[in-house]
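So that the names make sense, note that chain A is the first sequence line, chain B the second, and so on, each numbered from 1.
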2 protein chains.
Amino acid sequence: MSENLRSATLTPTMDDVARTAGVSRATVSRVLAGTARVAESTEDRVLQAIKQLGYVPNRMAQSLATRSSGLVGLLLRDPRKSAYGLLHSELQQLSDRANLQLITVVPSSTEASAAEKQALQRLLGLRVDGLFVATGVIGPEDLAPFLSVVPVVSVGRPEAHDGVYGVSYDEVAHGHMAADLLLRHGHRDIAVLATAASVSVPESVRAEAIVSRLRERGAAVHRVEATTFGIGAEHSHRIADMVREGTITAVAFPTDDRALDFLTIARKSGLRVPGEVSVIGMDGISPAMAMIGLATVRIPIEAVADRAVTVMGDLLEHRDSLPIRHEKFRGHTVDGPTLGPPPRRKS
Amino acid sequence: MSENLRSATLTPTMDDVARTAGVSRATVSRVLAGTARVAESTEDRVLQAIKQLGYVPNRMAQSLATRSSGLVGLLLRDPRKSAYGLLHSELQQLSDRANLQLITVVPSSTEASAAEKQALQRLLGLRVDGLFVATGVIGPEDLAPFLSVVPVVSVGRPEAHDGVYGVSYDEVAHGHMAADLLLRHGHRDIAVLATAASVSVPESVRAEAIVSRLRERGAAVHRVEATTFGIGAEHSHRIADMVREGTITAVAFPTDDRALDFLTIARKSGLRVPGEVSVIGMDGISPAMAMIGLATVRIPIEAVADRAVTVMGDLLEHRDSLPIRHEKFRGHTVDGPTLGPPPRRKS
DNA sequence: CTGAAAGCGCTTACAG
DNA sequence: CTGAAAGCGCTTACAG
């Protein structure tokens, strides 16, 4: 209590500035806003007073008076993952450049859905002018009540709600790209780690796209089902066995992490990559992967972030005239030393 | 303009709630705060109205009235780096648990110092009650003016200012730990990649600590100076040459990234790890590194985050009674398959 | 247990 | 070019 009073006393207010500059509050406000004309001499006095007092305008009060916070919120899923880290960084920089003040809130991961709702409330309570949602769990039904109040752009996640503008990745195309790259290297017997949709929707979409494209092109596909969330070394061992048995000459993974797990196990057990088996992952984000030289499909995070910020800018300008769409971007394949021609058949 | 008016109209206000519940604004406020006693029947009507209107209290207005935002700001350096990502995630979760509402701002990296000041302003403008600073560039002189207004906890960076509470890593100890682990494995001829302080202060501190501990213990140290910010493959090649010449049997790196670069190059050129050379990195954050099995020193990010949040809580409770300190935490060594005994001398 | 009223720090017509 | 005043959406003594 006394803290507040004290710091309230200590923090200079616009009135303080006005008084020490010998003008009215309105004038200080005008100088700060830079909109109306102010005599140069008074402006100087005001600026001087601001500097002298170390005055920082109270945005809370500004927002209240303007009925607009000038803030754009970002609901971010899991900062520990490089892909979200990069997305965060890109959104931040592009928003800055577009003069949108981005503030980020991360739902604490325990009890996902409740946490996301709470994080959403926090942002809405701050009366953000716009909202980026880069989170998996939150459903359309939680978003819907606020769509009329604040423009929402869903970023990097497949968007189903048609009141929400969506900018995300074309995971089907990515799956096709990975498949095509393996085919181009001459592989016809290929394992695909197929993540269950219950584990991860995007992973599952990628895997199914790989599988169907390979089949379309006449390759023999060996599905290895992944039904656990972790990386599960059994899958890698199973695939290594298939290589030794001569069943497959290549393997595609729906994420770089899973591919890396296989690489590690393959190396330990003396399997040569790409001599005996070619490997491709998907994501292309982690610099560690790049160093290792893992072939992959690079997700277009930068393009998605860029488009999302542009859309948000447009939405903030003229809300109603922009038709809501769900856009998808595709990345590019990254060939690498984990990819080679299939080994010659021994028999 | 008209947007604002419209959404102002659309967003229900406390008055709307009061009106539809047939009570006064004060009563609604009391129900929300949960402090004062309210008759159960009125409380029900109010709750009902809140739900019906989809009312979200305007925190800006609350802050203004309470002179306290209930917010704690986090100034975060670079979300692309896993270490910062993990720190962000930990701070977020622990803050949640401590009932501190964390909001994060990332200075856009172009023109570091100016961007950080701007991000700082944004947070101060929001009148955060406390501030975590996890950023490299911002100097004490920029922080100083606000220390009397808001408690600041510097997290994960060496803190020099004695008005700022510091919670960070004991990088000297980490260097010693890495050195000791190599010695324990029997190595006596060891290369150390020594990053220049101008490139990265923490890296340089780590490297110098490794060097001095090794020398203290009588090992022959071969410094390889790194003066560029990137990972620089030349260093890795130089070290590989030293291995081939039989000059060294082990190498220590001040970061996992740099160690990984060497590992990749070593493998490509047919050097056996740890058969011919043992390798240790530092950080221990990236899951990719764990999979590869890189020996390292794990930085205690969780412990630092935990302590930082505790300190912030205390500071917010009783500002003046908590003496300002600079605490340092140490992590633990992670032995791994990149470490083995030195090879027998051929001659 | 509840309401009328003042006040938090700003902005912005409205006068001058 | 400048100031007095109303109002943004809340909270909180103060009465009752």
Side-chain angles (χ1 to χ4, degrees), chain A residues 1 3-19 21-46 49-50 53 55-71 124-127 129 149, chain B residues 1-2 4-19 21-46 49-50 53 55-71 124-127 129 149:
Chain A
M1 284 294 115
E3 245 80 17
N4 288 337
L5 292 179
R6 200 183 55 132
S7 58
T9 311
L10 284 186
T11 311
T13 182
M14 186 177 266
D15 262 324
D16 297 328
V17 175
R19 211 171 306 124
V23 298
S24 78
R25 224 180 323 127
T27 300
V28 177
S29 180
R30 284 178 191 119
V31 170
L32 247 23
T35 64
R37 301 209 81 59
V38 178
E40 201 160 331
S41 63
T42 40
E43 173 158 0
D44 285 347
R45 290 211 315 284
V46 170
I50 287 177
L53 297 175
Y55 170 70
V56 178
N58 185 332
R59 296 207 47 120
M60 303 278 184
Q62 287 182 323
S63 311
L64 206 56
T66 8
R67 297 176 245 355
S68 141
S69 65
L71 257 28
L124 290 172
L126 251 19
R127 291 296 187 268
D129 293 339
V149 175
Chain B
M1 286 297 113
S2 71
N4 290 336
L5 292 180
R6 201 181 56 130
S7 57
T9 311
L10 284 186
T11 311
T13 182
M14 187 177 265
D15 262 323
D16 298 326
V17 175
R19 213 170 305 122
V23 297
S24 78
R25 222 179 327 125
T27 299
V28 176
S29 179
R30 284 179 192 118
V31 170
L32 247 22
T35 65
R37 300 210 82 59
V38 178
E40 201 160 329
S41 63
T42 39
E43 174 159 359
D44 285 348
R45 291 211 314 285
V46 170
I50 287 177
L53 298 176
Y55 169 69
V56 177
N58 185 332
R59 297 210 44 120
M60 304 277 185
Q62 288 182 323
S63 310
L64 206 56
T66 21
R67 295 176 244 359
S68 141
S69 65
L71 258 29
L124 291 172
L126 250 19
R127 291 295 187 267
D129 294 339
V149 175

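The separation between A:D15 atom CG and C:dC8 atom C1' is 11 Å, rounded to whole Å. Taking atom CG on B:L124 and atom P on C:dC10, their separation rounds to 13 Å, with Å as the unit. Protein atom CG of B:L126 is 14 Å distant from nucleotide atom C1' of C:dG9, rounded to whole Å. As a whole-Å value, the separation of B:D16 CG from D:dG9 P is 9 Å. Here D:dC1 presents its P atom at 15 Å from CZ of A:R45, a figure rounded to the nearest Å. In this structure, B:R127 places its CZ atom 19 Å from P of D:dT11, rounding to the nearest Å.
Not one side-chain nitrogen or oxygen of A:S24 sits closer than 4.0 Å to the OP1 or OP2 atom of D:dA4. One finds no side-chain N or O of A:R67 lying less than 4.0 angstrom from the OP1 or OP2 phosphate oxygen of D:dC8. Between A:T66 and C:dT12 there is no side-chain N or O to OP1 or OP2 distance below 4.0 Å.
Across all strands shown, B:S29 has heavy atoms under 4.0 Å from base atoms, whether or not it also approaches the sugar-phosphate. When heavy atoms are screened at a 4.0 angstrom cut-off, B:A26 is found touching base atoms of the nucleic acid.
Two residues are said to be in side-chain contact when any heavy atoms from C-beta on lie closer than 4.5 Å; A:N58 and A:T11 fail this criterion.
Nearest approach of B:V23 to B:T42, heavy atoms of both residues: CG1-CG2, 4.4 Å. Closest non-hydrogen pair, B:L32 versus B:P57, comes out as CD2-CG, 4.2 Å.
Relative to the side chain of B:T27, the nucleotides C:dC1, D:dC8, C:dG3 differ in distance, and C:dG3 lies closest. Checking D:dT2, C:dT11, C:dG3 against the side-chain heavy atoms of A:M14 singles out C:dT11 as nearest. Of the candidates C:dA6, C:dC1, C:dC10, the closest approach to any side-chain atom of A:R25 belongs to C:dC10. Side chain of A:T13, nearest nucleotide from C:dG9, C:dA4, D:dA4: C:dG9.
On the C1' atoms, D:dG16 is 16 Å away from D:dT12, given to the nearest whole Å. Taking the P atom of each, C:dA5 and C:dC1 are spaced 24 Å apart, rounded to whole Å.
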side-chain contact (heavy atoms from CB on, under 4.5 Å) between B:E43 and B:V46, worked out
CA-CA 5 Å; B:E43 174 159 359; B:V46 170; 5.7 Å; no

Could you go through B:T27 and B:S24, starting from their C-alpha distance and side-chain angles, then the distance that decides it, and tell me whether this counts as side-chain contact (heavy atoms from CB on, under 4.5 Å)?
CA-CA 5 Å; B:T27 299; B:S24 78; 3.4 Å; yes

Between B:V149 and A:V56, does a side-chain contact (heavy atoms from CB on, under 4.5 Å) hold up when you go through it step by step?
CA-CA 11 Å; B:V149 175; A:V56 178; over 6 Å; no

What do the steps show when you test B:T13 against B:D16 for side-chain contact (heavy atoms from CB on, under 4.5 Å), and what is the final call?
CA-CA 5 Å; B:T13 182; B:D16 298 326; 3.1 Å; yes

Dot-bracket summary - DNA chain D, pairs being Watson-Crick or G-U whose distances fall under 3.5 Å, with | when paired to another strand
|||.||||||||.|||

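Although no hydrogens or angles enter the test, the distance criterion places a donor-acceptor pair under 3.5 Å between the side chain of B:R45 and the main chain of B:A21. At distances below 3.5 Å, not a single donor-acceptor pair connects side-chain atoms of A:R127 with backbone N or O atoms of A:R67.
With sequence neighbours left out, the side-chain contact (heavy atoms from CB on, under 4.5 Å) criterion links A:R25 to A:M14, A:D15.
Looking at A:R30, its side chain comes within 3.5 Å of the base of D:dG3 through a donor and an acceptor atom.
Within residues 56-65 of chain A, the residues that have a heavy atom under 4.0 Å from DNA chain C are, in order of number, A:P57, A:N58, A:A61, A:Q62, A:L64, A:A65.
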